[in-house]
Amino acid sequence: MSRVLVCVAWPYANGPIHVGHVTGSLLPADIFARFNRLVGNEVIMVSGSDMHGAPITVSADKEKVSPEEIANRYHEINLKAINDMGICFDMYTHTHTENHGEEVRKVFVKLMEDGYLKRMTTPQYHCSDCGRFLPDRYVEGRCPHCSYDRARGDQCDSCGMDLNAEELIDARCQLCGAKPELRDTEHFFLKLSGFTDQLLKYVEGSSHWRPHVRAFTLNVLKEGLIDRPITRDISWGVPVPVQGFESKRIYVWFEAVIGYLSATKEWAKAKASEDDWSRYWKDEDCRSYYFLGKDNIVFHTIIWPAILLGNGGLNLPYDVVANQFMNLGGQKFSKSMGVSIDIPDLLTKFSPDVVRYYLIANMPEFKDSEFSWEDFAQRTNGELVATYGNFIHRTLSFTFKNYGVVPTRGALDERDRAALERISRAEKDMRESLSACRFRDAMKSVMDLAQFGNQYFDAVAPWTLIRSDKERCGTVLGVSLEICKALAVLGSPFMPFSSEKIWHDVGMEGSVVESGWNGTKTPLKEGKKMEKPVPLFAKVEVPLSGGFAKYSALDLRIGKVIEVERHPNADKLYVMKVDIGRPITIVTGLKDFYSAEELSSKTLVIVSNLEPAKLRGVKSEGMLLAAEVGGGLALLTPESDLPPGTPVTSGLEVGSKTISFKEFQELDIRVGSLAGGSPPKLDIGPRTVSCATERGEVGRKYAALVQDESAVVMHAKGDIKIVFDRDIPVGARVR
RNA sequence: AGCGGGGUGGGGUAGCUUGGAAAUCCCAUCAGGCUCAUAACCUGAAGAUCGUUGGUUCAAAUCCAACCCCCGCUACCA
C-alpha cells in the first residue's frame, strides 16, 4: 500500500482534444491511476484545462468574443470528452480559477524573495491607439533583409528570416495599423541557469525514466540553460503580484505547471480536508508520475523541477512518462472520409472501450506510431472482438443456454488447476508491466489470457461434455467463468466499461472497482441466475479511401521554359518563366542539378493550380515535377513533344480549385517500371502494384500515380506518357 | 537542409539500454481440427541476407562509424 500522485499534462483550451492527447497522456495516466486504485494504493489524478496564453486571445479576437468565453467553451467540451472516454480524474480543473491564481502568486513571491528571479528591461513595441504592448507577431513592417513589406515581428513570411520586432522598418500595429513606438518594458526572468547542477544530479539519479526522456533532458542540460522571462505584456493570464506590473501577466509556461499543485489543493479543499494535499507533495514516500507528450518534456524535467527546487519542500517528479507522437498522416485521415479525429467526434462513432483498446495497442510509448483506420479496424475486429469478446461471449452464452445459472464447480483436474494458475501468471505479468509504465505489454498479458481462455475452452469442449457428463461440464464452465472474471478485473484499467459489464454478466455483485484486485479471488456465486448475454463488442467498419479521386485535385500542364534567372536573394534557387499556355513564374531549387542553359530548353510537367507562395521574396505560381532519390534528380517530361498548356490528365477529372502545398505532398507519385503481364504490373521499388494503364513499353520507366495497390501511368491526351529526362531509380518519389 | 523517430518474413510489429544457442506476436497464405461462439475459436506448416557497407568481439538484430531510404515538425522544398 502506497501513495501515488498522477499528473497529466494540461490540454490547451483552444480546441477539442484529439487522439494525440488521449494516447499520449490522458489514457496512460488513467490506466496507471486505475491500476493503482485497483491494487489498493491511495491515488489522486489531477489536471485541467490550460486556459491562458496567446493562441486563445487570437481565437477570441477572431471570433470577437472574450478569451474567457473561448477557454470555457473548450473546457466544457473537453471535460465531457474526457468523461465519455472513461478517463477518471479526482480533479480536472482549469488555470483560470481563484485558487490557481493564488497558488501561482505564492510560488512567484517565494521565488522572488529567495532570489531566484531577476528583473530585466528590454525594448518592446507599444501601440498607443490600441493602448497596449504588442507581441512580436502583432507587429508588421518592412523586412530589413528582403524588403518584403508585410513581415511580422517574429519572422518574415517572405524570406523566412527570424526577426526581432525592433529590426522592422516602418513598423506598424497589425491590429489597427497605427505606428507603434518602442518602449522599454521590464520583466521577471527565472534564473534557470542556477539550477543546472541540482538538475543534473536529479536527472542522473532517475535511471528508471524512459531512455528518451532522460537522454533528451541531459542533452538540454549539457547545452546550458538560459534564464527565461516569466512575465509578458498581455492582459489574459495570471496577474503579476508586484507593484508596477499591473498591466502584465505571468507567462503560461511558468504558470500552467503550477497547476499540478493548485489542482491538488483544490481537490483537498473540495473534500474538506485542506491539509491532505501535503500528503501527496511533502511526504517523500509518495511518488508522483507525470504523463505527457514528448513536446512537453523540458517543462516537466527541467522547468517544473527548477520551480519546485526554488520553492523548496515539495517532491520532484518521480517519473516523467513521456510518450512519443501518434501521427495522423498518410492521407487516410482526411476529412473527406467524413471522419475526423477529435475525441467528441470519434465517440459518436465508436464506443470508448473500442477506442481505448486501439489507442493502447498502438500507443507510441517508445517510438512514434501511426493511426490508420485500416489498422484500427483490423485490431478491433481481429483482437478485441474475435479473441477477447468472443471468448467471453461463447462462455456466457453456452452457460446461459444450458444452465441458466452460474454452474456448480466440482472437483478440479490437472488442466483446470493449470488454468487457474494461468490466471495468476497473467496477474503477475500485468502487474509488472504496469508498475514499469509499459501499457502495451500490460494489455498484451490480458489479451494473452483471453487467448488462453479460448484454448482451454476448446480443449475441454463443453459442447461434448454437456451430453455425457453434465456435472463435469459445469466444472469446466465454472473455470471458464473464472477466466472471464479475471479478464474483467485485469482488463478494467484498460476497458473499464466492458469490465463492469463482464463482472455483472458472470453474476458478481457490486463492481470491479469496488472489488479491486482481489476480485480475481472472490468466488463465483454458484446457482445465481444469469441473464441472456449480448456480445460485448461489435465489429467496426471503416470507410476505405477509394480510387484515384485525390489526384483529381491536380491540374497538370505541359510547360516550356522561357527563361531562367538566378534568384536575387538565395543561392540555391532559380527564378524561371514557363509557358503553360500563359506565362507564369516558378521558383525552383534545381541549382545543384541543372545549369540555367540546360533548363532553358526543357519541356516540363507543371502543377498549375498550386497555391502561389513566396520563396525568399519571389512569388512562385506553380511547381515543376521532378523525381528525386538519394542525390539524384530527374525532371518529368512528355515522351514526345506537346504544345505548352496541354493538360496531363492521366484520364482523370481535372481539378479547378487551387491546392495547397501540403495537399500536394500527400499525393504519392513515383517512378515506376512497367513489368508487363495481364493485368500489367508496375514495379515501384519497394513493391509491385497493378497498373491501370493499358499500353506502354515494358521495362521503360514512367511517372505513376500510386493509390494503395494500384497505379496509373501519368499521361496526356493521345496516350502520350510522362517519362524522365535523366535516368532515375525505380521507386523515386516525385515532388 | 535542420531537429526528432524509424528501417526486423507479404503487411504491421517485439527484441536493441545490460551482445550469446533455433529472432516475438498479430494479420494475410497453406494444411488440418472444432461446431459452443460475432465466417468467430484451436492446432500445425511455409515464409526473414534483422536497410547497406565497414569496424569492435570468440560471438552483433543488439555496440561503433559512414551511407541509403521512410515518417513527423521546421525551412532558401514548389
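Throughout, a chain's letter reflects where its sequence line sits, starting with A, and its residues are numbered from 1. Basis for what follows: all heavy atoms, side chains included, without hydrogens, waters or symmetry-related copies.
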Exercise for review: Classify the nucleic acid contact of A:Lys367 as base, sugar-phosphate or nothing, counting any heavy atom under 4.0 Å across all strands shown.
Suggested key: sugar-phosphate

Point to revise | With A:Cys484, the side-chain contact (heavy atoms from CB on, under 4.5 Å) member among A:Val506, A:Thr399, A:Asp505 | key: A:Val506

Exercise for review: Going by the side-chain contact (heavy atoms from CB on, under 4.5 Å) test, name the single residue among A:Arg557, A:Lys560, A:Met576 that passes it with A:Leu604.
Suggested key: A:Met576

Could you go through nucleotides 60-63 of chain B and list every protein N or O atom that sits under 3.5 Å from one of its N or O atoms, giving the distance for each pair?
none

Point to revise | Worked verdict on A:Asn454 versus A:Tyr388 for side-chain hydrogen bond (donor to acceptor under 3.5 Å, both in side chains) | key: CA-CA 9 Å; A:Asn454 278 317; A:Tyr388 186 88; over 6 Å; no

Practice item. Mark up nucleotides 33-40 of chain B, 5' to 3', with B wherever a protein heavy atom is under 4.0 angstrom from a base atom, S wherever such an atom reaches only the sugar-phosphate, and - elsewhere. Key: BSSBBB-S

**Study point:** Comparing A:Phe452 and A:Met623 on RNA chain B - which has the more 5′ nearest nucleotide
**Key:** A:Phe452

Revision key, fill the gap. RNA chain B in dot-bracket form (Watson-Crick or G-U pairs under 3.5 Å, [ ] crossing, | inter-strand) is ((((((((.[[[..)....(....]]].(((((.......))))).....[[[[[..)....]]]]])))))))....

Check your understanding: Expressed in angstrom and rounded to an integer, what is the separation of A:Tyr358 atom OH from B:G12 atom C1'?
Key -> 10 Å

**Study point:** Span that lies between the C1' atom of B:U24 and that of B:G12, in whole angstrom
**Key:** 13 Å

Check your understanding: Looking across every strand, which nucleic acid part, if any, lies under 4.0 Å from A:Leu624 by heavy atom: base, sugar-phosphate, or nothing?
Key -> sugar-phosphate

Check your understanding: Step by step, would you call A:Tyr357 with A:Glu383 a side-chain hydrogen bond (donor to acceptor under 3.5 Å, both in side chains)?
Key -> CA-CA 10 Å; A:Tyr357 178 79; A:Glu383 298 171 23; 2.5 Å; yes

